[in-house]
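Order of appearance sets the numbers: ligands from 1, and atoms from 1 within every ligand.
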Amino acid sequence: MEHAIADPLGTRRVVVTGAGGQLGAALCGSFAGARALTRADWDVTMPPPPLGELDLVLHAAAWTDVDGAEADPQGAAAVNVGGTQHAAELGAPLVAFSTDYVFDGDKRTPYVESDAPNPRSAYGRTKLHGEAAAGDDAWIVRTSWLFGWSGKNFVRTMLALGRERDEVAVVDDQRGSPTYVGHLADAVHELIELPQGIWHIAAAGDCTWAEFAEAIFEEAGIACRVRRITTAELARPAPRPAYSVLRSERDGAPRLPHWREGLRACLTRLA
Ligand SMILES: NC(=O)c1ccc[n+]([C@@H]2O[C@H](COP(=O)([O-])OP(=O)(O)OC[C@H]3O[C@@H](n4cnc5c(N)ncnc54)[C@H](OP(=O)(O)O)[C@@H]3O)[C@@H](O)[C@H]2O)c1
């Protein structure tokens with residue numbers, strides 16, 4: 001079923017869950033008048049509070065601690081599966097956000113919507129089950145390597161480290177598309193005019209984390225060297241896909257600007 005969301009007067013009743021997170025903040029900025037629900041307003045592991053009639057739910061609340069999910073998969077599932085089910089129970093058109101980590105990373109060409117998921121981490125498994133919990137009547141946005149002006153993300157971490165060190169060690173054997181939350185949030189307006197289902201929406205272009213770190217220092221004018229290391233050297237608890245570039249094979253899919261353009265927009269916002 002397709003939802004026609006008429007908005008001639010900007011009177012849609014939109015709620016954003018996870019409004020305290022980096023994507024949630026961007027969605028609140030892009031959807032003027034949206035009701036922002038932080039964890040304090042609604043812990044999504046609990047059934048939804050009465051929110052009245054809604055025209056659109058933008059569900060950005062999630063357990064995003066990838067390594068922490070290995071130690072507490074039930075806790076992660078309560079948020080990423082149970083929370084998404086609760087968001088669907090609101091009964092309004094739903095946009096749910098998922099991840100490139102639903103893929104194993106064994107491909108070397110971009111993952112498209114018809115590729116079979118095979119998550120290697122507990123986080124990826126909970127997000128994949130969360131896609132099912134969103135239901136057939138939802139838009140499921142798989143995106144990757146999010147960064148924005150708030151919260152904990154790679155850009156903000158590199159800016160802080162780069163200002164206090166001469167060198168940082170960064171993984172150079174994982175490739176993906178770093179996606180600016182402002183660009184993603186704006187693309188959701190286009191998405192809700194399209195049929196429901198799974199959509200891959202990530203920045204154009206791709207890079208490794210080390211290449212991304214170098215670009216961050218270059219754009220920010222920080223003189224910090226990047227020492228390229230392997231995923232094995234970093235020894236994190238959760239496995240990550242070695243390759244997780246996402247592209248859409250669907251007609252009319254929203255296209256985002258290149259990740260470097262997203263980086264510049266983010267740095268401007270942070271300045
Ligand atoms: N970050 C990435 O690189 C990335 C990549 C691909 C896909 N995604 C997906 O994109 C979406 C947005 O991610 P993000 O980067 O914006 O994450 P984020 O910055 O970590 O924000 C997630 C938000 O959800 C909130 N939250 C956690 N548990 C909650 C609960 N039980 N009830 C209500 N709120 C809760 C968090 O609140 P607290 O701050 O209080 O914990 C936080 O404000 C998620 O679905 C994520 O899986 C993220």
Side-chain angles (χ1 to χ4, degrees), residues 15-30 36-49 51 57-69 72 74-87 90 94-103 105 111 117 119 121-131 133-134 138-158 174 176-185 187-188 191 198-203 209 212 238 240-241 244-246 256 259 262 266:
V15 299
V16 176
T17 71
Q22 55 173 346
L23 177 59
L27 289 166
C28 290
S30 188
L37 298 178
T38 64
R39 189 204 286 255
D41 301 312
W42 176 25
D43 178 334
V44 298
T45 63
M46 308 300 286
L51 294 170
V57 174
L58 304 175
H59 179 53
W63 175 303
T64 55
D65 177 358
V66 176
D67 291 319
D72 185 6
Q74 276 93 1
V79 184
N80 292 347
V81 188
T84 305
Q85 193 171 329
H86 288 146
L90 287 166
L94 171 68
V95 180
F97 293 90
S98 189
T99 171
D100 52 331
Y101 284 17
V102 299
F103 293 113
Y111 283 93
S121 62
Y123 167 75
R125 285 189 288 277
T126 64
K127 293 298 291 183
L128 184 60
H129 291 139
E131 292 182 1
W139 292 270
I140 293 158
V141 177
R142 290 194 187 131
T143 189
S144 64
W145 295 24
L146 291 184
F147 64 94
W149 58 87
S150 64
K152 192 168 171 253
N153 65 58
F154 187 80
V155 172
R156 281 162 51 94
T157 301
M158 284 302 126
Q174 292 171 32
S177 300
T179 301
Y180 176 51
V181 289
H183 289 160
L184 178 60
V188 173
L191 177 74
I198 294 173
W199 292 87
H200 286 186
I201 310 181
W209 289 112
F212 190 32
R240 269 101 171 143
S244 63
V245 179
L246 300 177
L256 301 194
W259 60 263
C266 185

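At a 3.5 angstrom cut-off on N or O pairs, V79 does not count as close to ligand 1. Taking any N or O of K127, backbone or side chain, at least one lies under 3.5 Å from an N or O belonging to ligand 1. Where the criterion is an N or O separation shorter than 3.5 Å, residue side chain and backbone included, T143 fails it with respect to ligand 1. Inclusion of R39 in the set of residues having an N or O under 3.5 Å from an N or O of ligand 1 is warranted. Annotation: T64 places an N or O atom under 3.5 Å from an N or O atom of ligand 1; distance criterion only.
Neither the backbone nor the side chain of K152 comes within 4.0 Å of ligand 1, counting heavy atoms alone. Both the backbone and the side chain of L23 come within 4.0 Å of ligand 1, counting heavy atoms alone. Contact annotation: for A96 versus ligand 1, there are no heavy atoms closer than 4.0 Å. Counting heavy atoms under 4.0 Å from ligand 1, residue A60 touches it through the backbone alone. Only backbone heavy atoms of W145 (N, CA, C or O) come within less than 4.0 Å of ligand 1; its side chain stays farther off.
Note: W42 and H86 have tilted aromatic rings, judged against thresholds of 30 and 60 degrees for the angle between ring planes. A perpendicular orientation is assigned to the rings of Y123 and Y101, their planes being inclined by more than 60° (bins at 30° and 60°).
Using a 4.0 Å cut-off between a side-chain N of Lys or Arg and a carboxylate O of Asp or Glu, D100 and K127 do not qualify as a salt bridge.
Taking the side-chain contact (heavy atoms from CB on, under 4.5 Å) definition, one finds that A78 meets it with T45, sequence neighbours left out. Partners of E131 under the side-chain contact (heavy atoms from CB on, under 4.5 Å) rule, at least two apart in sequence or in another chain, are S98, V102, L128, I140, R142, I198.
Judged by the shortest distance from any of its heavy atoms, G151 lies outside the 4.0 Å radius around the atoms of ligand 1. Within the 4.0 Å heavy-atom cutoff, W42 counts among the residues contacting ligand 1. Using a 4.0 angstrom heavy-atom cutoff, A25 does not count as in contact with ligand 1. Note on ligand 1: Y101 sits outside its first shell, no heavy atom being nearer than 4.0 Å.
Within a 4.0 Å radius of atom 45 (O) of ligand 1, the protein has at least one heavy atom.
In this structure, the side chains of R125 and N80 stay at 4.5 Å or more apart for every pair of heavy atoms. Counting heavy atoms from C-beta on, the side chains of I201 and W139 never come closer than 4.5 Å.
With L58 as the partner, the side chain to side chain contact (heavy atoms under 4.5 Å, CB included) test is satisfied by one option alone out of L37, V188, L23, T17: V188. F147 pairs in a ring pair (Phe, Tyr, Trp, His ring centres under 6.0 Å) with only one of the listed residues (W259, F212, F154), which is F212.
The protein heavy-atom contact nearest to atom 32 (N) of ligand 1 is V44 N, 2.9 Å. Protein heavy atom nearest atom 3 (O) of ligand 1, with residue, atom name and distance: L146 N, 2.9 Å. Ranking protein heavy atoms by distance to atom 31 (N) of ligand 1, first place goes to D43 OD1, 2.9 Å. When only non-hydrogen protein atoms are considered, atom 1 (N) of ligand 1 lies nearest to Q22 NE2, 3.6 Å.
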What do the steps show when you test D72 against W63 for side-chain contact (heavy atoms from CB on, under 4.5 Å), and what is the final call? CA-CA 11 Å; D72 185 6; W63 175 303; 3.7 Å; yes
Could you go step by step and tell me if T157 and V155 meet the side-chain contact (heavy atoms from CB on, under 4.5 Å) rule? CA-CA 5 Å; T157 301; V155 172; over 6 Å; no
Stepwise side-chain contact (heavy atoms from CB on, under 4.5 Å) check, V141 with L184: CA-CA 10 Å; V141 177; L184 178 60; 4.1 Å; yes
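Counting heavy atoms only, S98 comes closest to atom 7 (C) of ligand 1 of the residues S98, A78, G18, A19. In this comparison of F147, Y123, F154, F97, the heavy atom closest to atom 47 (O) of ligand 1 sits on Y123. Taking all heavy atoms of G21, G24, A76, A62 into account, the minimum distance to atom 25 (C) of ligand 1 is reached by A62.
The main-chain N or O of G148 is found under 3.5 Å from a side-chain atom of Q22 such that the two form a donor-acceptor pair.
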